[in-house]
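Worksheet: the structure to be examined is printed underneath.
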Amino acid sequence: MYEQKYIDREKSWLAFNARVLQEAGDNTVPLLDRLRFVGIFSNNLDEFFRVRYAAIRRLSLSGISGEKYLGGVSAHQLIKDITEIVIQQQSESLRILGNIETELEAENIFIINEDQVTEKQECFLKDFYMQKLSPELVTIILNDLAEFPVLKDTLGYLAVRLELKNDKVRYAVIEIPKTINRFVVLPSEDDKQYVILIDDVIRLKLKNIFNIFDYKTVSAHMIKITRDAQLDIDSDLSKSMLEKIATSVKDRRIGEPVRFIYDSLIEDDTLRFFLDKMKIVETDSIIPGGRYHNRRDYMSFPNLGRYDLLYKPNEPLPVPGLSLDGSILEKINKKDYLLHAPYQSFSYLTKFLREAALDPKVTSIKITLYRLAKNSQIISSLINAAKNGKKVVVQIELQARFDEASNISYAEQMQTEGIELIFGIKGLKVHSKICVIERSEEGKSRRYGFISTGNFNESTAKIYTDVTLFTCHQGILKDISKIFEFFDINYRVHRYKHLIVSPHYTRSKFVKLIDREILHALAGRKTFIKLKMNSLSDFKMIDKLYEASNAGVKIQLQVRGICSLIPGIPGMSENIEAISIVDNYLEHSRVYIFGNAGLNEVYISSADFMTRNLDGRVEVTCPIYDLEIKKELIDNFNIAWKGNVKVRYHSYKLDNKYKPRNHHAPFRAQFETYKYYQNKISVLEEVPQKVD
């Protein structure tokens, strides 16, 4: 048997981020979208260090080896391994960024620095600096401060070295403002477009900033700090949950440093000065980089009107049988419908809530909220419902990672409007995506609702693939109502007839489903398991899948991110194949399919096969009873499995090897999925309606 049983989840995650970086380096991806992938890679890495690396660092500092929790590797060794991998990835990202900039120049788009500015451009930048940039700058002279300032991990800084004429050296730091787009579009010249980063505008104006000093030389190199983002919530019973989370979010800005990135050309004495003052030691992750950091900002690189250098957007399609003009509740009363965003319009979900807000027969709306859009139509609809006299109950997760401040703001807004808020359960995040409404019909209460694999967020619905089931199935919706009762009185554990709910039942139910496939295989019956999820890292579930593989169950896994399972190993996982698709849309839906001797069972879920989802959160998995929807989800899985573009294999080598085409024509799963939904409209001979 193969010696290694699991892939370390951190290394597997870094392999996923390498797949994102592959998209940035892929010449078939439009140029400006390649810049966007550079930004996504950088943003992902920031969050990784703030959360996962920080947790391992805490484990290492505690003196615990952590091998039990980390799949056999010590926390200390893992920290070293991660730093080595990240240094290599950062180097690769710089190489890719350089190639993109060269290719942009061939398209007459030039990203210039302060040494390349023409007189005409300098005239423009002088006005830009005086009117917009200068008022936003925070510059701190550091030498004589009694206490070193706290550098925020969401910002980039220029570390400035001033060598005075008396040979003394002074150090300063300039905060690069977030209030202004980091990319300044300069006036076009001779059909050429020019962009300069704010960093370089500041470098251009160093003389203006430090003109009160009698210096010989001045230099500025970028540095970036990443801090531990763990929320430490106090136990003061006199404080509300809102107050506790708000205080903890504020404290996050002074979390322990976990990563320091610097321009590799920085002077040795400047680097030593900042490391000493910030108390960063060799055991922290200290990473040399290029001239620019915070490359996540490339996600907002201006399009410059060059839509030919971007993916052509697909118009979201209508859901056959549903109309944005008529009553959605009337339609759902007759049958279930599935919404698959972003292939189909997310507007159906907001339409459902708007209709419920206005319908005189609707008496209550209950919904869970995790991550919300900046200007959320969901919140507007719920407030509208409350103003129309409906009872509105919202379970809002205040500890949604990095969305805490936004959710606190929305919670305060909803409280003001009379919406009843539930702030979760001690020790459990609420990650489920559920909604139930009650409507008075002929003197009786009838329920309508929806269950989703993704957040109720109009912004992410444009780029995250998620499925949402609209249903009037009274059994399923009664189970949802029980979940809201659990939120309210959480010492009482309910039994559910249809839904599979974490933390009480998800693990045991999936184990039973896998065991059933094992029994079918041993009896010689038709059997398979097809699982689509974001992450697979729970060792017990992996062991159960290994057991199924050894019993002869054919297992297909679509795991976008972390995959700690090692597929294709004789005697351990020879009947398991695992792929990852990283493409223009982010694969986010969780769909679980079990062959069951020809009587296929299909589920959609908010839960991945991670320990936190199975045992430490409130998650909901919903069975699909409608035969047409069941077929649609199986078709979707099979389309993705047939893909041979943007598809990589998971393996113990973590080499992100692409799935070979074997002389087959290119088959790009996300494009083919869109065609699949186009064909569904054609087959039903429906004229596509305009969706907003």
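Quick caveat, the model's predicted, so the values are computed rather than measured.
Ring geometry for F124 versus F128: interplanar angle under 30°, hence parallel rather than tilted (30 to 60°).
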Task: side-chain hydrogen bond (donor to acceptor under 3.5 Å, both in side chains) between T179 and E136, worked out - done: CA-CA 8 Å; T179 51; E136 300 291 332; 2.9 Å; yes
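The salt bridge (charged side-chain N to carboxylate O under 4.0 Å, His left out) with D228 is formed by just one residue from the set R259, R58, R50; it is R58. Put simply, the residue from D268, D269, D263 that forms a salt bridge (charged side-chain N to carboxylate O under 4.0 Å, His left out) with R161 is D269.
Aromatic pair Y370/F456: ring centres not closer than 6.0 Å.
Geometrically, R668 engages F671 in a cation-pi contact, judged by NZ or CZ lying under 6.0 Å from the ring centre and within 45° of the ring axis.
A salt bridge links E92 and R95; the closest N-O separation between the charged side-chain nitrogens and carboxylate oxygens is under 4.0 Å. Using a 4.0 Å cut-off between charged side-chain N and carboxylate O, R34 and E23 make no salt bridge. The pair D153-R227 does not count as a salt bridge, with every side-chain nitrogen at least 4.0 angstrom from each carboxylate oxygen. Here D655 does not pair with R648 in a salt bridge; the nearest charged N to carboxylate O distance is not below 4.0 Å.
Within the structure, the ring-ring contact (aromatic ring centres under 6.0 Å, His included) test picks out the following pairs touching residues 158-207 (sequence neighbours left out): F110-Y194, Y171-F273, F183-Y298, F183-F301.
Between the side chains of N584 and R36, a donor-acceptor pair is found at a separation under 3.5 Å.
Side-chain atoms of D608 do not come within 3.5 Å of backbone N or O of M610 as any donor-acceptor pair. No donor-acceptor distance shorter than 3.5 angstrom exists from the side chain of N455 to the backbone of N457, with no hydrogens or angles considered.
With sequence neighbours excluded, no residue forms a salt bridge (Lys or Arg N to Asp or Glu O under 4.0 Å) with R272.
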